[in-house]
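Heads up, the thing below is written out as structure tokens.
What you see is a predicted model, and the numbers here were worked out from it, not measured in a lab. Note on naming: letters A, B, ... go to the chains in the order of the sequence lines (proteins, then strands), and numbering restarts at 1 for each one.
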Amino acid sequence: MKCRKCPARAVLRLPRHNTAFCPVCLTDFVRTQVQKAITSQHMFSTNDRILVAVSGGKDSLTLWEILLKLGYRADALYVDQGIGTYSQGSREKVEQFTEQIAVPCGATLTIHNVEEEEGASIPDLANMVRRPTCSTCGTIKRYQFNRAAIQGGYDVMATGHNLDDEAARLLGNVLHWQEEYLQKQSPTLPASMDGFAKKVKPLYRLTEREIAAYAVVNRIDYMVEECPMSKGAKMLVYKDVLNRLEAESPGTKHTFYWQFLAKQEKAQAAHGSMTDTDQRTLQPCTTCSQPTSTGICSYCKMVARAKTPAQ
Amino acid sequence: MMKSSMKIHLSHPTKEIEIKGPKHVRDLFTELHLIPEAYLVIRGQDLVTEDELLADTDIIEIRPVISGGSERTS
Ligand code: SF4
Ligand SMILES: [Zn+2]
Ligand SMILES: [Zn+2]
């Protein structure tokens, strides 16, 4: 199979765009999609300081690499969850990437160690507060990334969410009619109030397969192994269903999510934005002063419970 | 000793299998009941498309590209 843009041999077929690319043209395609996302969703400019949330997986490391290659000022934060060999392995990938690719571009990595800072690993914390590991993990990561962005004086925080993530999440939210979450599913979430960092998802126009292919051809060495806690996660089922639809009718995923974004934009223009809702419903946490709807935020509640000795 | 079939590395869970070549990538997907949208095929260090013919001497990785727990924040 030939590349559709040059005489070289193709390495990836992209059925949803009815095309195929060689490594050079694939790299160009992926970076162009990221730049389009940044510009069209008003994410940031070359003057802004960006904090990338990295996990050692394909999405976040690819995102960091692309932002640096496009000339953006992007540092990163890694949260070490203390999940056995998985955390160890992914941390090594992040450190290696930092040394080989990020440092030469003038970027820095910060590591937040949950065991040291919160006093126990994520699986142990989850046990103490009797909540599922993934929801405990989510609370801590969201909290720490937001805090690091605010305290470090970053203009915006970027995550590696891709088209498959967003389409799967949308499917889940629609299946359960979780309308309150639909509002937060946009690739750019403004810093709706003091204490909240602006959050962006520059990979939302790209599928997981396109991102993984970019990582392979650009020799980005990422953690292929998955977090052991993700086994059986609902998200994986939704992704699988969407990929089956995609095989039957290429373009299903992007049509589903992009049409939603277009409708959401119209609805917000008519009914007011997320910022209005946040400013109406949130106030500073009485313990740490990050915005919350419940007096004491869920992170502070969790840490307090973990520190209370069991009866 | 001559190699008589291609070596294939799979992940989630990690597994090594051997399959008799020559074989097209697309037929490999069918044989293993995998959906192409969820995987990449890597020969040595290089990505290959579905119409590529794989030989018995090839070292192949079929790499899943789908990830995610229920609370992906990164
Ligand atoms: S699978 Fe769950 S525990 Fe593992 S990183 Fe994702 S959210 Fe955290
Ligand atoms: Zn080309
Ligand atoms: Zn708090």
Side-chain angles (χ1 to χ4, degrees), chain A residues 1 9-13 15 20 23 26 52-60 77-79 132-139 141-142 145 159-161 164-165 168-169 207-213 216-217 219 224-227 229-231 233-236 239-240 242-244 246-247 250 253, chain B residues 5-74:
Chain A
M1 197 182 293
R9 195 217 293 235
V11 294
L12 190 78
R13 210 164 64 83
L26 173 68
V52 185
V54 293
S55 68
K58 63 181 189 315
D59 303 300
S60 56
L77 174 71
Y78 171 76
V79 171
T133 315
C134 287
S135 89
T136 308
C137 180
T139 300
K141 283 196 291 190
R142 266 192 306 276
F145 281 126
T159 56
H161 292 90
D164 293 71
D165 292 326
R169 192 142 81 96
T207 65
E208 294 202 278
R209 190 161 178 268
E210 291 155 6
I211 295 163
V216 171
V217 305
R219 308 275 188 254
V224 175
E225 227 174 275
E226 280 289 301
C227 174
M229 305 301 164
S230 71
K231 223 177 255 159
K234 259 287 166 38
M235 272 303 205
L236 294 174
K239 284 184 176 181
D240 186 56
L242 287 167
N243 276 338
R244 282 166 204 273
E246 184 79 23
K253 288 186 285 194
Chain B
S5 49
M6 58 177 110
K7 305 227 177 308
I8 302 177
H9 176 90
L10 299 151
S11 304
H12 318 169
T14 305
K15 209 164 48 170
E16 309 287 338
I17 58 170
E18 291 195 19
I19 284 186
K20 190 89 202 78
K23 196 174 281 284
H24 283 106
V25 170
R26 99 168 59 77
D27 297 329
L28 192 61
F29 275 120
T30 315
E31 198 172 317
L32 297 172
H33 305 289
L34 302 173
I35 13 173
E37 183 69 13
Y39 298 88
L40 290 174
V41 177
I42 304 167
R43 176 170 56 199
Q45 285 218 67
D46 300 318
L47 272 187
V48 291
T49 50
E50 291 98 279
D51 61 338
E52 203 74 29
L53 190 65
L54 305 174
D56 277 338
T57 45
D58 285 339
I59 296 190
I60 307 295
E61 179 188 352
I62 300 182
R63 185 183 289 193
V65 298
I66 306 303
S67 48
S70 54
E71 293 270 357
R72 284 196 80 211
T73 46
S74 55

Quiz item: Can you name the closest pair of heavy atoms from B:L40 and A:A213 and give their distance?
Solution: CD1-N, 3.5 Å

Quiz prompt | Part of A:T133 lying under 4.5 Å from any heavy atom of chain B | solution = neither

Practice problem: Determine yes or no for a side-chain-to-main-chain donor-acceptor pair under 3.5 angstrom, with A:R244 supplying the side chain and B:I35 the backbone. | Solution: no

Quiz item: Are the side chain of B:H12 and the backbone N or O of A:K231 linked by a donor-acceptor pair below 3.5 Å?
Solution: no

Practice problem: Mark yes when over 12 heavy atoms from residues, nucleotides or ligands other than B:R43 sit less than 6.0 Å from its CZ; otherwise mark no. | Solution: yes

Quiz item: Can you name the nearest heavy-atom pair linking B:S67 to A:D59, along with the distance?
Solution: OG-OD2, 3.9 Å

Self-check item: Residue among A:D240, A:D165, A:N243 satisfying side chain to side chain contact (heavy atoms under 4.5 Å, CB included) with B:I66
Solution: A:N243

Quiz item: Which bit of A:V217 is near chain B, if near means a heavy-atom gap under 4.5 Å: side chain, backbone, both or neither?
Solution: side chain

Practice problem: Please check if atom NZ in B:K20 has more than 12 non-hydrogen atoms from other residues, nucleotides or ligands closer than 6.0 Å. | Solution: yes

Quiz item: Would you find more than 12 non-hydrogen atoms of other residues, nucleotides or ligands less than 6.0 Å from B:E16 atom CD?
Solution: yes

Quiz prompt | B:T49 versus chain A, the contacting section by heavy-atom distance below 4.5 Å | solution = both

Practice problem: Could you tell me whether a side-chain N or O of A:R13 sits under 3.5 Å from a main-chain N or O of B:D51, the two making a donor and an acceptor? | Solution: no

Quiz item: Side chains of B:E37 and A:K253: does their closest heavy-atom pair fall under 4.5 Å?
Solution: yes

Quiz item: Using non-hydrogen atoms only, which part of B:Q45 is less than 4.5 Å away from chain A: side chain, backbone, both, or neither?
Solution: both

